[in-house]
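In what follows, a single structure is set out as structure tokens and then discussed.
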Protein chains: 2
Amino acid sequence: MTNRQEDILKFIKKFLDQNGFPPTYREIGRHFSISSTFGVKRHLDALIKKGYINIDSNSNRSISLTDKSLSLFNEIQENNSVEIPILGRVAAGYPVFAEENIEGTLYIDSSLINKGNNYFGLKVRGDSMIDDGIFEGDTVIVKSQNDAINNDIIIAMVDNDTTVKRYKKSGSKINLIPANKNYNNIEVTKRDNFSILGKVVGVYRIYN
Amino acid sequence: MTNRQEDILKFIKKFLDQNGFPPTYREIGRHFSISSTFGVKRHLDALIKKGYINIDSNSNRSISLTDKSLSLFNEIQENNSVEIPILGRVAAGYPVFAEENIEGTLYIDSSLINKGNNYFGLKVRGDSMIDDGIFEGDTVIVKSQNDAINNDIIIAMVDNDTTVKRYKKSGSKINLIPANKNYNNIEVTKRDNFSILGKVVGVYRIYN
DNA sequence: AAATATAGTGATAAAATGTTCACTATGTCA
DNA sequence: TGACATAGTGAACATTTTATCACTATATTT
């Protein structure tokens, strides 16, 4: 994305926040002193091509921001807190942030997040991580990512169910290690129904 | 607001959620089988008059929802996060919220707090509560209060130092009970240098 | 030096959208 | 019953908006 394109994307975001509907080509052009709608159009075409916006063709005033573009802005609020979705049951093969998965929202301190990444909250089921101080009912704050390094606490999707474990890879063997002596390691080397949803970056517990 | 008007308002809301931009008169009409845009227009005029929507005149596709209308859908999110101070070393005999004690601030979800009470965060030192999942370095979120009931996790001030423990009173004996077998109960019955600063209502942990 | 991507003008065409008209119909309220 | 608000049709029209053209200009890359 070029600087110009980024500026235009930011303007669209701001316009949307302020008005509740997207700007027209002319409104964009006016703001940037681009007299021809064609000049604007080409920027928008570039933004579409790069996946930052969608435009409903044979319609007008129909620019919408994609997830990619929203994560770019990450919705940081002036007050240093950030809204993240709390996910419920996540099904395999489904986009994690699909609306059906979202059970609520949580405001967390923005010190917890790095701009440009997606975060979500997940309620912990089971007691397999109690020795690491992650209890049933706690909400873990997860940075969305598909890989991990040794010793990360991750959210893994195994057999169409999510689980919190510590990640350990040696050679081609991947182990998911619980923090509770009553549980066994899960070895996932030969399974293909395994994926990483994210890395736990925080824990949030509310008493009664 | 008539039923018809309410239906139309709901449709606009849904359309906005799904598309990121508002519908045109014709799109509304199509959905409700109103063939004339004038029929639609009069509903919208009524909704404007009653304060549920705004329409930017000499523009198009510019319906936006007002606060009144958003609150109807229960989507008002004024500020669902609250700023609380993080306290450092708290000295006995000093007001807890004295500026000297404040080390920083933390934004937490407002679901955690009851209006009308004071809350603060406190960084945990030591591992006396690990069996309850409160680890060194965690930040406990504390509701400021001077009393407690059995089994509450409290912040107690003993001998001019703060400590996190579980509260247990039987008869006139007050015990501060750690959640770690390597530590002993603290009995405070006959001490006068003991006070309760608050009750732990939440825990917040950030990994590295 | 030539090719390519980005950025823009000015004009015109085409499509989408909003505005207004006269007219009909139905239920509610006083 | 008469007044009034709500709800709708169908058409004509004006405005807003997007689409596309040929053409210019400036960097960057090959």
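Here is the naming used below: chain letters follow the sequence lines, and residue numbers restart at 1 for every chain.
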Would you jot down, in residue-number order, the residues of residues 33-41 of chain A having a non-hydrogen atom under 4.0 Å from DNA chain C? A:Ser33, A:Ile34, A:Ser35, A:Ser36, A:Phe38, A:Gly39

Candidate list B:Arg205, B:Lys123, B:Arg125, test salt bridge (Lys or Arg N to Asp or Glu O under 4.0 Å), partner B:Asp138, passing option: B:Arg205

Would you classify B:Arg61 as touching base, sugar-phosphate or nothing, given that sugar-phosphate means primed atoms plus P, OP1 and OP2, and contacts are heavy atoms under 4.0 Å? sugar-phosphate

Is the ring pair A:Phe15/A:Phe21 parallel, tilted or perpendicular, if the boundaries are 30 and 60 degrees? perpendicular

Report the distance from atom CZ of B:Phe21 to atom P of D:dT17, rounded to the nearest whole Å. 15 Å

Going by distance alone, is a donor N or O of one side chain under 3.5 Å from an acceptor N or O of the other, for A:Asn193 and A:Asp159? yes

Checking all strands, does A:Arg4 fall into the base, sugar-phosphate, or nothing category for heavy-atom contacts under 4.0 angstrom? sugar-phosphate

Would you please say whether a donor-acceptor pair under 3.5 Å links the side chains of A:Lys68 and A:Thr66? no

Using only heavy-atom distances, determine whether the side chains of B:Thr24 and A:Arg61 contain a donor-acceptor pair under 3.5 Å. no

Could you tell me if B:Lys41 sits above the aromatic ring of B:Tyr25, with its cationic atom closer than 6.0 Å to the ring centre and no more than 45 degrees from the axis? no

For the residue pair B:Asp127 / B:Tyr183, report whether a side-chain donor-acceptor contact shorter than 3.5 Å exists. yes

Does B:Ala46 or A:Tyr25 map to a spot on DNA chain D nearer the 5' end, using the closest nucleotide for each? B:Ala46

Could you check how far NE2 of B:His43 sits from C1' of D:dA5, rounded to whole Å? 12 Å

Just how far, in rounded Å, is C1' of D:dT16 from CD of A:Glu27? 10 Å

D:dT17, OP1 or OP2 - any side-chain N/O from B:Ser59 closer than 4.0 Å? yes

Between D:dA19 atom C1' and A:Ile48 atom CD1, what is the distance in whole Å? 13 Å

For the pair B:Arg166 and B:Asp152, find out whether any cationic side-chain nitrogen is under 4.0 Å from an anionic carboxylate oxygen. no

Round to the nearest Å and state the distance from A:Leu44 atom CG to D:dT17 atom P. 14 Å

Once you measure the plane-to-plane angle for A:Phe11 and A:His31, does it fall in the parallel (<30°), tilted (30-60°) or perpendicular (>60°) bin? parallel

Taking any atom under 4.0 angstrom from a heavy atom of chain B, which nucleotides of DNA chain C are the first and last to qualify, 5' to 3'? C:dT17 to C:dA22

Using whole Å, what does the distance between atom P of nucleotide D:dT16 and atom CZ of B:Arg26 come to? 15 Å

Provide, to the nearest angstrom, the distance between the CZ atom belonging to A:Arg42 and the P atom belonging to D:dT24. 14 Å

What is the distance from CG of A:Asp56 to P of D:dT17, rounded to the nearest Å? 16 Å

